[in-house]
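Written out below as structure tokens is the structure these notes cover.
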Amino acid sequence: MIPDRYEPSAVEARWYPEWEQRGYFRAEAESRAPAYCIVIPPPNITGSLHMGHAFTFTLQDVLTRMKRMDGFNTLWLPGTDHAGIATQYVVERQLAAEGKTKEDLGREEFVRRVWRWKEESGGTIIRQLRRLGASCDWSRLRFTMDPGLSRAVREVFVTLWEEGLIYRDDYIVNWCPRCQTVLADLEVEREERDGEFVYIKYGPLSLGTVRPETKLGDTGVAVHPDDPRYRQYVGRDIDIESVDGPVRIRVVADEAVDPEFGTGVIKVTPGHDPVDFEIGRRHNLPIRSVIGFDGKMTALAGRYAGLDRFEARRRIVEDMQRLGLVERIEPYRHAVGLCYRCKTVVEPLVSKQWFVNVKPLAEAADAAVREGRITIIPTGWAKTYHQWMENIRPWTISRQLWWGHRIPAWYCDTDGSVHVSRTDLTECPKCGGPLRPEHDVLDTWFSSALWPFSTLGWPDDTADLRTFYPTSVLVTGFDILFFWVARMAMMGLHFMKEVPFRDVYIHALVRDAEGQKMSKSKGNVVDPLSVMERFGTDAFRFTLAALAAQGRDIRLSEQRIEGFRNFANKLWNAARLVLTNLEGYDAARAPAATPALADRWIEGRLAETIGVVREALDAYRFNDAASAIYQFLWNDYCDWYLEIAKRSLYGDDTAARARTQHTLVTVLEPTLRLLHPFMPFITEEIWQRLPHVGDSIMVAPYPRGGDARTDAGADAAMAAVMGVVTAIRNIRGEMRVPPGVKLTVTIRPPATDGVLFSEQRPLVEALARAAVTVDANATRPRQSALAVVGVAEVYVDLAGVVDVGAERQRLEKEIRRIDETIAFTRAKLARPDFVERAPAEIVEKEREKLGEQEGVRAKLVASLGWIDDGGR
RNA sequence: GGACGAUUAGCUCAGUUGGCAGAGCACUGGCCUCACAUGCCAGGGGUCACUGGUUCAAGUCCAGUAUCGUCCACCA
């Protein structure tokens with residue numbers, strides 16, 4: 001009836017809609033239960049699910065499902081980000097395919113078009129999240145440009161303006177000539193490039209530069225104030241011969257100059273270099289912009305006007321060489337700034353932009369982590385966070401794009417005033433004149449920074465906000481620690497007067513099997529959807545969780561996923577065995593029967609596993625949690641308990657059978673609950689077929705340690721039994737005894753443990769395929785192999801099958817092994833420092849161990865002697 | 001230039017407070033044993049990068065070295 005292979009697709013397709021329809025994903029705005037909330041790091045609406053998403057969302061779903069089962073009023077709040085540049089790009093490309101530009105459409109029409117695109121194609125990733133099993137509360141789905149969130153953005157902007165923290169400034173900014181917008185410092189990537197370091201004559205001085213083309217914008221020359229070589233020039237104007245004739249230039253002294261580097265002289269181009277801009281400000285040097293927003297030389301560049309900046313560089317060097325102004329050219333490798341989106345070389349230039357003075361906000365956010373109100377996990381990231389916060393610079397928030405939150409500012413050209421307002425303005429509040437609205441939009445990260453409270457209804461005082469803010473944990477990758485996490489901390493503290501999240505769990509990156517970053521250009525992208533298709537969502541999720549060790553990037557290999565697919569199949573078949581043997585099972589009467597050793601043992605092991613899993617999940621050690629369940633289910637439950645259970649299931653002792661059925665069910669059922677956050681689908685499917693309480697495993701309680709207790713006695717007794725069984729199997733293997741042959745075995749237990757082995761004799765017989773005799777006074781039979789298990793001796797009769805030579809080799813090997821161990825222990829105990837200074841119980845334990853080891857050795861040696869005598 | 005991380009079995013990686021090294025895969029041998037060959041049983045395999053130090057005891061703590069990697073950064 002039940003197939004012997006687990007087929008995920010049908011199961012997955014069935015349960016997700018069922019859960020959703022029953023409303024299990026929905027959180028309560030008001031509830032007596034404690035709240036647990038995670039806000040999703042909103043993926044770009046342009047995106048489709050990649051491995052990084054799958055990873056982070058799996059971890060979030062594991063936490064969400066676990067907490068939901070644990071009785072929390074749990075909200076995992078989903079949403080998407082409007083992703084300014086990225087989205088604008090997509091639609092611009094579409095237009096290009098139609099032979100149009102956004103200018104052809106005009107701003108309003110273009111923005112309408114983007115919205116239309118969003119409605120049609122922006123939901124891809126949301127659909128894919130469902131495929132992953134994500135238990136988000138879809139009734140609270142948000143988008144960064146929703147009316148509510150837009151209102152929050154506006155409220156924040158205006159407030160910061162009123163507080164003087166937002167301002168406009170003519171400042172040197174990072175300009176992308178390709179994207180035609182300003183970029184924040186964080187959006188500029190550094191890349192080492194080979195270039196030329198050109199030493200040029202500068203009147204009486206000489207200096208080196210990598211950007212000769214900006215020479216035309218020089219308005220000064222700077223040296224270090226303490227540099228004796230150039231002291232005579234400081235404050236003077238010098239006449240220099242340039243490519244476009246003689247120029248008079250001021251020499252200033254500034255600390256920013258490194259006298260050790262180059263000639264110790266720099267040209268100052270305040271219009272095209274951030275350092276020079278600062279020097280220029282300090283010394284009142286004029287700004288001369290020779291490169292325009294299009295990346296081409298401006299009219300101020302004279303005969304170079306209109307040339308591309310790189311072409312101009314080449315031409316100017318050539319011209320200077322002709323004029324004898326170049327002393328020498330050295331190859332030079334240095335970092336250039338690139339646009340994070342299009343990798344175009346960023347041009348520093350001066351322009352009027354909007355900024356946030358984040359310094360005061362950063363101080364509060366920094367303190368929140370330092371004082372433990374926010375915990376960053378793993379803790380190592382806290383240092384990175386602090387360093388960034390301490391060195392923070394103003395945040396450039398305006399963008400020259402069309403898609404995004406428009407900056408709520410208006411200009412009056414009549415009286416030159418600027419107005420920032422919560423409501424749209426039509427006439428100048430000062431002079432009543434006409435107003436011109438600001439065209440720039442805000443950096444996408446501005447709205448993301450408000451995400452934890454804007455999504456909950458702020459600026460209104462909503463029930464959601466009261467219930468779920470501060471959120472419990474933020475799960476994200478380190479790549480957006482500064483872009484997003486830091487800024488949420490700043491904004492949350494400033495506007496809510498409370499941290500936005502208690503914990504920040506920073507996870508690593510997903511790489512391919514070779515450790516390469518997955519990227520389209522490398523062609524090594526593995527599509528999560530195809531993985532789920534081939535191996536099942538549960539196996540995929542479990543793989544991600546099992547690899548999520550803290551602090552290290554994870555390499556995703558197909559083999560690994562396949563291994564966990566096998567695990568799902570193993571679980572399926574274990575359940576199949578249980579389900580097909582429940583005939584006559586009476587949940588009410590079964591517990592009355594006395595549990596056998598194996599029952600007590602597996603129940604104890606379950607309790608222990610529950611403890612380990614809970615502890616691991618509390619500490620965000622997903623891999624430890626996953627691994628504990630894996631080991632328990634496969635090694636303990638399947639490999640040992642199920643094999644043991646078969647005896648009574650297939651036997652005729654009805655009481656034993658009932659008791660076994662009971663254990664099978666009462667161990668498997670909580671194990672499924674324990675596993676559910678990782679493997680939601682298969683666990684639900686099996687759980688529904690097992691005797692259970694409740695409508696769905698999704699809303700069943702997460703197992704607690706108190707549900708069952710560990711059983712040290714049963715653990716030790718089972719260890720002895722398992723040791724004997726393994727020893728017998730070992731001998732069978734080493735001696736090449738065919739599996740079909742039933743061995744004859746004598747166990748000689750120590751006097752104290754005699755009862756255990758007598759009681760468990762049938763168990764050993766079944767598991768080891770042997771006829772077992774337990775006799776505390778037994779002597780070693782002729783032609784038998786010896787194994788020493790703890791304090792018991794096991795004789796395996798090999799008459800007829802024994803190979804004496806092989807047995808001798810085996811014994812010799814064991815003796816060598818134990819000799820090493822004994823030598824180690826002896827050496828340890830021989831040292832007076834150890835004996836005197838280590839805790840008494842540790843020394844005592846060592847002594848006991850040595851005694852045991854020597855006993856084992858004596859037996860082995862005796863055995864070897866017996867063989868050398870040719871057997872008795 | 002600064003900061004951080006990594007280095008453990010053939011491969012990919014665990015190893016939380018110091019107490020004789022673990023998993024998965026791969027490998028070897030034997031098994032289609034009535035849940036599962038996507039499986040079962042057994043086995044081999046490690047100077048925990050290197051050098052010193054602290055300690056009775058170091059993969060674990062400290063210092064340094066080497067190699068790899070990541071992030072940050074206004075030496076033109």
Side-chain angles (χ1 to χ4, degrees), chain A residues 2 4-6 172 185-186 190 197 207-211 214 222 256-263 265-269 273-279 332 334-335 337 348 378 380-381 383-384 387-388 391 393 478-479 481-482 508-509 513 515 535 539 546-547 549-557 559-560 562-581 615-616 619 621 623-624 627 630-631 638-639 642-643 646 650 726 729-734 736-740 769 820-821 824-825 828 831-839 842-843 845-846 849:
Chain A
I2 311 172
D4 67 355
R5 290 213 175 171
Y6 174 57
I172 187 132
D185 294 338
L186 268 180
R190 302 280 159 181
F197 201 56
L207 55 80
T209 179
V210 291
R211 300 205 59 195
T214 61
V257 182
D258 178 359
E260 306 290 316
F261 190 83
T263 61
V265 181
I266 63 167
K267 62 196 212 50
V268 183
T269 321
D273 185 280
V275 177
D276 294 8
F277 181 83
E278 295 295 340
I279 295 176
Y332 188 62
H334 67 129
W381 289 107
K383 190 166 181 183
T384 311
Q387 277 172 355
W388 192 72
N391 299 308
R393 303 200 314 176
F478 58 82
D479 48 330
L481 181 62
F482 305 141
L509 238 55
F535 299 105
L547 293 178
Q550 285 179 12
R552 204 200 288 228
D553 286 351
I554 65 175
R555 298 190 185 195
L556 193 66
S557 75
Q559 271 188 338
R560 202 79 180 207
E562 198 180 315
F564 290 117
R565 187 269 319 263
N566 295 351
F567 174 59
N569 195 58
K570 186 76 179 174
L571 169 60
W572 181 254
N573 276 290
R576 213 153 66 89
L577 174 68
V578 173
L579 288 167
T580 50
N581 284 289
E615 205 178 311
R621 294 197 319 262
N623 57 325
D624 286 347
S627 149
Y630 182 97
Q631 303 291 345
C638 291
D639 287 349
L642 290 186
E643 292 307 316
K646 284 175 184 173
Y650 303 151
T726 302
R729 286 170 175 171
N730 186 354
I731 287 168
R732 186 192 287 274
E734 300 269 319
R736 308 279 161 109
V737 180
R769 292 200 173 200
E820 281 174 31
T821 313
F824 184 90
T825 314
K828 201 166 180 178
R831 286 202 308 272
D833 50 1
F834 172 71
V835 178
E836 283 158 25
R837 308 189 50 176
I842 286 182
V843 176
K845 219 154 72 184
E846 289 294 318
K849 263 197 276 184

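Letters A, B, ... mirror the listed sequences (proteins, then strands); counts begin at 1. The structure displayed is predicted, hence computed values, not measured ones.
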In sequence, state the C-alpha distance, the side-chain angles, and the governing distance for A:Phe564 and A:Tyr630, and then conclude on ring pair (Phe, Tyr, Trp, His ring centres under 6.0 Å). CA-CA 9 Å; A:Phe564 290 117; A:Tyr630 182 97; 5.6 Å; yes

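When the shell of 6.0 Å around CD of A:Glu615 is examined, it contains 12 or fewer heavy atoms from other residues, nucleotides or ligands.
Annotation: B:rA6 and B:rU12 have their C1' atoms spaced 14 Å apart (nearest Å). Nucleotides B:rG46 and B:rG22 place their C1' atoms 11 Å apart, quoted to the nearest Å. Between B:rG69 and B:rC56, the two P atoms lie 41 Å apart (nearest whole Å). Across B:rC36 and B:rG43, the matching P atoms stand 25 Å from one another, rounded to whole Å. For the C1' atom pair drawn from B:rU55 and B:rG19, the interatomic distance equals 12 Å after rounding to whole Å. Using P as the reference atom, B:rC68 and B:rA42 are 43 Å apart when rounded to the nearest Å. Annotation: B:rG52 and B:rA58 have their C1' atoms spaced 13 Å apart (nearest Å). Rounded to the nearest Å, the gap between the P atom of B:rG53 and that of B:rA14 is 30 Å.
Remark on RNA chain B: of its neighbouring residues A:Gly380 and A:Val265, the 5'-side contact belongs to A:Gly380, judged by nearest-heavy-atom nucleotide. Toward the 5' end of RNA chain B, the nearer of the two residues A:Asn623 and A:Tyr630, judged by each one's closest nucleotide, is A:Asn623.
A 4.5 Å side-chain heavy-atom check between A:Lys570 and A:Asp639 finds at least one atom pair inside the cut-off. Inter-residue side-chain proximity for A:Thr269 and A:Thr209 is flagged as unmet; no heavy-atom pair is nearer than 4.5 Å. Between A:Leu207 and A:Ile266 the shortest side-chain heavy-atom distance does not fall below 4.5 Å. The shortest distance between side-chain heavy atoms of A:Leu577 and A:Leu642 falls below 4.5 Å. At least one side-chain heavy atom of A:Glu562 sits under 4.5 Å from a side-chain heavy atom of A:Phe535.
A:Asp258 comes within 4.0 angstrom of a base, heavy atoms only. Among the protein residues, A:Ser627 comes within range of no part of the nucleic acid, since none of its heavy atoms lies under 4.0 Å from any strand. Heavy atoms of A:Arg732 sit nowhere under 4.0 angstrom from any nucleic acid atom. Within 4.0 Å of A:Phe482, counting heavy atoms only, lie sugar-phosphate atoms of the nucleic acid but no base atom. Backbone-only contact: A:Gln631 has heavy atoms under 4.0 Å from sugar-phosphate atoms and none from a base. A:Asn581 comes within contact range of no nucleotide atom at all, as no heavy-atom separation falls under 4.0 Å. No contact: A:Phe535 has no heavy atom under 4.0 Å from any strand. Residue A:Tyr650 is classed as a sugar-phosphate contact, given heavy-atom separations below 4.0 Å to backbone atoms only. Within 4.0 Å (heavy atoms only), A:Lys849 reaches at least one base atom of the nucleic acid. Using a 4.0 Å heavy-atom distance criterion, A:Ala574 is classed as a base contact. At the heavy-atom level, A:Thr726 lies under 4.0 Å from the strands shown only through sugar-phosphate atoms. Nucleic acid contact class of A:Asp479 (heavy atoms, under 4.0 Å, all strands): none. In this structure, A:Lys646 reaches the bases: a heavy-atom distance under 4.0 Å links it to at least one base atom across the strands shown. Among the heavy atoms of the strands, none lies under 4.0 Å from A:Ile554.
Remark: RNA chain B takes part in the stems B:1-7 with B:66-72, B:10-13 with B:22-25, B:27-31 with B:39-43, B:49-53 with B:61-65, each of 3 or more antiparallel Watson-Crick or G-U pairs, criterion distances under 3.5 Å.
Remark: A:Lys849 engages A:Glu846 in a side chain to side chain donor-acceptor pair (under 3.5 Å) (not counting sequence neighbours).
Residues A:Asn569 and A:Tyr6 share a closest heavy-atom pair of OD1-N, 3.0 Å.
For RNA chain B, the contact window with chain A, defined by any atom under 4.0 Å from a protein heavy atom, covers B:rA3 to B:rA76 in 5' to 3' order.
Going from atom CG of A:Leu547 over to atom CZ of A:Arg555 covers 11.5 Å, rounded to the nearest 0.5 Å. In this structure, OG1 on A:Thr825 lies 13.0 Å from NZ on A:Lys845, to the nearest 0.5 angstrom.
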